[in-house]
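Given the structure is predicted, the values throughout are model-derived calculations rather than measurements. Labels below follow one simple rule: chain letters A, B, ... track the order of the sequence lines, proteins then strands, and each chain is numbered from 1. Any value given below was found using the heavy atoms of this structure, including those in side chains, with hydrogens, waters and symmetry copies removed.
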Amino acid sequence: MQHNSFRENVLAVVRNIPKGETLSYKEVAEVAGNPLAARAVGSIMRTNWDPDIPCHRVIRSDGKLGGYNRGVEKKRQRLRQEKAI
DNA sequence: GAGCTGACATGTT
DNA sequence: CAACATGCCAGCT
């Protein structure tokens with residue numbers, strides 16, 4: 001199975017995150033198949049500009065939001081709308 | 001084709 | 001308490 005890259009896997013996982021729920025970069029990396037690739041997940045999300053992939057639902061394990069392509073403020077607002085952080 | 005950087009995490013110094 | 005070092009993947013120079 002070499003068709004599915006780690007990138008595609010991560011994107012699929014994030015896309016499957018239900019509304020009102022948040023996953024940490026590490027959790028996503030774990031489900032994607034690499035518990036040590038939390039950093040890679042961030043890189044992938046950064047270059048991913050897809051409305052089908054709610055990257056704003058991916059936050060840090062520390063409980064902080066982390067970053068966002070369109071601005072951390074936007075990420076915070078979106079989470080506020082969905083899960084009222 | 002090789003090296004550096006980056007939306008992270010964890011352990012050690 | 002903070003800074004440094006290591007591990008992973010993708011993208012850019």
Side-chain angles (χ1 to χ4, degrees):
Chain A
M1 295 267 203
Q2 297 147 6
H3 256 273
N4 264 13
S5 289
F6 183 70
R7 181 169 85 67
E8 300 288 324
N9 228 6
V10 170
L11 295 176
V13 173
V14 177
R15 192 194 308 151
N16 269 282
I17 299 178
K19 179 185 174 189
E21 197 150 331
T22 52
L23 277 178
S24 60
Y25 292 97
K26 193 190 164 186
E27 292 287 297
V28 175
E30 233 179 293
V31 179
N34 284 335
L36 304 181
R39 197 174 200 180
V41 174
S43 288
I44 294 162
M45 322 259 34
R46 195 185 195 277
T47 54
N48 176 71
W49 281 76
D50 202 320
D52 286 329
I53 300 173
C55 16
H56 61 266
R57 288 184 194 151
V58 184
I59 60 175
R60 288 175 49 149
S61 297
D62 295 90
K64 303 181 199 295
L65 294 182
Y68 196 51
N69 289 348
R70 306 175 79 187
V72 182
E73 297 294 324
K74 212 74 172 167
K75 185 174 185 177
R76 198 181 326 203
Q77 278 192 11
R78 229 169 264 274
L79 287 174
R80 180 100 83 151
Q81 251 181 98
E82 297 181 358
K83 81 176 274 216
I85 195 172

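- With A:S24 contributing its side chain and A:E27 its backbone, the two residues share a donor-acceptor pair below 3.5 Å.
- Side chain of A:D50 to main chain of A:D52: a donor-acceptor pair is present (N/O by atom type, distance under 3.5 Å, no hydrogens or angles).
- A donor-acceptor pair is defined here as one N or O able to donate and one able to accept, closer than 3.5 Å; such a pair exists between the side chain of A:R57 and the backbone of A:I17.
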Distances under 3.5 Å between nitrogen or oxygen atoms of protein and nucleotides 9-12 of chain B:
| unit_1 | atom_1 | unit_2 | atom_2 | d |
| --- | --- | --- | --- | --- |
| B:dA9 | OP1 | A:S61 | N | 2.4 |
| B:dA9 | OP1 | A:S61 | OG | 2.7 |
| B:dA9 | OP2 | A:R60 | NE | 3.4 |
| B:dA9 | OP2 | A:D62 | OD1 | 3.3 |
| B:dT10 | OP1 | A:K26 | NZ | 3.0 |

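- If you take CG of A:L65 and P of B:dC8, they are 11 Å apart, rounded to a whole angstrom.
- Of the listed nucleotides (C:dC8, C:dG11, B:dA7), C:dC8 has the atom at the smallest distance from the side chain of A:A37.
- Atom pair A:R7:CZ and C:dC8:P shows a separation of 20 Å (rounding to whole Å applied).
- Using a 4.0 Å cut-off, some side-chain N or O of A:N34 falls inside it from OP1 or OP2 of C:dC9.
- Checking side-chain atoms of A:K26 against main-chain N and O of A:S61 turns up no donor-acceptor pair under 3.5 Å.
- One atom, CG of A:N48, and another, P of C:dC9, lie 18 Å apart when rounded to the nearest Å.
- Note on A:L36: a base of the nucleic acid sits closer than 4.0 angstrom, heavy atoms only.
- If you measure from atom CD of A:E30 to atom C1' of B:dC8, you get 13 Å, rounded to the nearest angstrom.
- Atom name P, nucleotides C:dC8 and B:dG1: the rounded distance is 23 Å, in whole Å.
- Between the CE atom of A:M45 and the P atom of C:dA10 there is a distance of 13 Å, given to the nearest Å.
- Under a 4.0 Å N-O distance rule, the pair A:K64/A:D62 does not qualify as a salt bridge.
- Here the side chains of A:I44 and A:L11 are in contact, with some heavy-atom distance below 4.5 Å.
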